[in-house]
There are 2 protein chains.
Amino acid sequence: MTRSAEISTRIVQAVLARQIEPGSRLGEQQLADLFDCSRTIVREALTNLAARGIVTVSARRGWFVAEPSRDDTREAFEARLVIETGLIRSTRSVDKAAVKRLRAHIDQQKNAIKSDDIALRSFLLGDFHVCLAECLGNGTLAEILRDLTARTTLAARRYQTLEDATRSHEEHTEVVEALAAGNIAAAERLVSGHLSTWQDKLHIPAEDSDAVDRLRRALKPMPVEARNLHTRPLGQTDQKRQRLRSRSGGAS
Amino acid sequence: MTRSAEISTRIVQAVLARQIEPGSRLGEQQLADLFDCSRTIVREALTNLAARGIVTVSARRGWFVAEPSRDDTREAFEARLVIETGLIRSTRSVDKAAVKRLRAHIDQQKNAIKSDDIALRSFLLGDFHVCLAECLGNGTLAEILRDLTARTTLAARRYQTLEDATRSHEEHTEVVEALAAGNIAAAERLVSGHLSTWQDKLHIPAEDSDAVDRLRRALKPMPVEARNLHTRPLGQTDQKRQRLRSRSGGAS
DNA sequence: TATACCAATCTTGTATACAAATAGACGACG
DNA sequence: CGTCGTCTATTTGTATACAAGATTGGTATA
């Protein structure tokens, strides 16, 4: 179990760090090579992630990082709101050690932001909520929250939300200070606002987005090496190809 | 996946129906024979259940149905309280179809109680909470709640709580009727009370129970056929053996 | 008689072999 | 020139073989 746990942990971290896009293919042999083990272990890890809703499996087609639908996204945000505010609400007080740990976490966030370590920054901003749940005395909900946070992170990537790291960090600070001051009600309000504003920033297509979305994905730029393997169609100049590529939304 | 999903689903159902005790051993080959498949599939199912906290794995020793510790139990109940009350609180109104479905579920509960189908009764009383979450529009939390309910069911068995089916059924009815009447606040209060009273009924040993508990489990009656396979020790009468069996807490 | 050691058996952990299905490429045909 | 069909190669799904560890029962010895 320890071997496959390593793999699943790393994948979750990569998701939280925004290093893996929703819809990415996770080939079994590919991962097996990467982690120097057999497909058996990889499948164990992927099965675990599938149970946690972070990965989906399409029969005989492969494993893919989850692409939360609109409903999935709404549910994940609602779940986080319910759990995080409910956990704070049911708290009487927060002990010294917990406050210390939370402040240390916030310091780490600040450092990651300052040093422009985008991956670490994203990871920490998400992990903070898990840490908060643990400090409030419920490891079970912390685990659940980790998976839900991974899902909302994927949703944020899918719906192209820009991360406002500085603001998130500020809001996290306010929450911790409210808790440290024993102002539970304020902390609950702050968390609620923090999550709501983030959710509101999502650009979720209004209607029947799946067709549009599928199309956008189909028009995604293919890997450079694959692109160069194809003969350029007659009469199509470099300029035209360049324009097509830009339109399809690929990184230039 | 469909093959292993069958197995994990059945095991969860058996847990909710109180047909499997916490700590039960789940041998791989045993399950493979039972479901007529290879150990590969069984391991896939068990891995899934382990990710959901319903089964634990002890390296090289085997798979066991979870035995929630005191902390696990507290956390699971708190999690259910937070999620169920929070979900109701964030509800504006419940539509007709949902009310109909909930009332139908309550009818099923009544029938199971009336016909003394203890397994079905237990399952439905637990499943009601999952159904409620679904009807409140959050399938994600419903899934999470299913696993948490399984854990609290295991805790209830471990800490020898008697199920008061009639009372649970009554309280479920009150919740649904409050929701149907649009009295959200009352519904939240009722759910809170329902969960709290159930949790309060647990007989959780105060201190260092693990040693005592392990012993009690060790002294549990073995299956009748195994008992009869052993030669009766010299000088031990039937009466003495009978007394030992009663003391060990087994069903007489 | 009790304890400690040892061996046999059973169970799990991992890798691999093989089957099945899908995706992609190539070629034929309208 | 476009479309359809087939064939090949890659990838997943499942079973099984083999190795390593753990438990259990027996035996020998103090």
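Below, chain A is the first sequence line, B the second, and so on; all start at residue 1.
- Evaluation of the salt bridge (Lys or Arg N to Asp or Glu O under 4.0 Å) rule for D71(A) yields R74(A) as partners, not counting sequence neighbours.
- Residues E84(A) and L145(A) have side chains in contact (heavy-atom distance under 4.5 Å, counting atoms from C-beta outward).
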How does each nucleotide of nucleotides 12-20 of chain C score, in 5' to 3' order, for protein heavy atoms under 4.0 Å: base (B), sugar-phosphate only (S), or none (-)?
BBBBBB--B
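- Checked options I54(A), I41(A), T56(A), L31(A); the residue passing with L46(A) is L31(A) (criterion: side chain to side chain contact (heavy atoms under 4.5 Å, CB included)).
- Remark: R146(B) engages E143(B) in a salt bridge, criterion side-chain N to carboxylate O under 4.0 Å.
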Applying side chain to side chain donor-acceptor pair (under 3.5 Å) to N48(A) and E44(A), what does each step give before you reach the verdict?
CA-CA 6 Å; N48(A) 178 296; E44(A) 197 173 297; over 6 Å; no
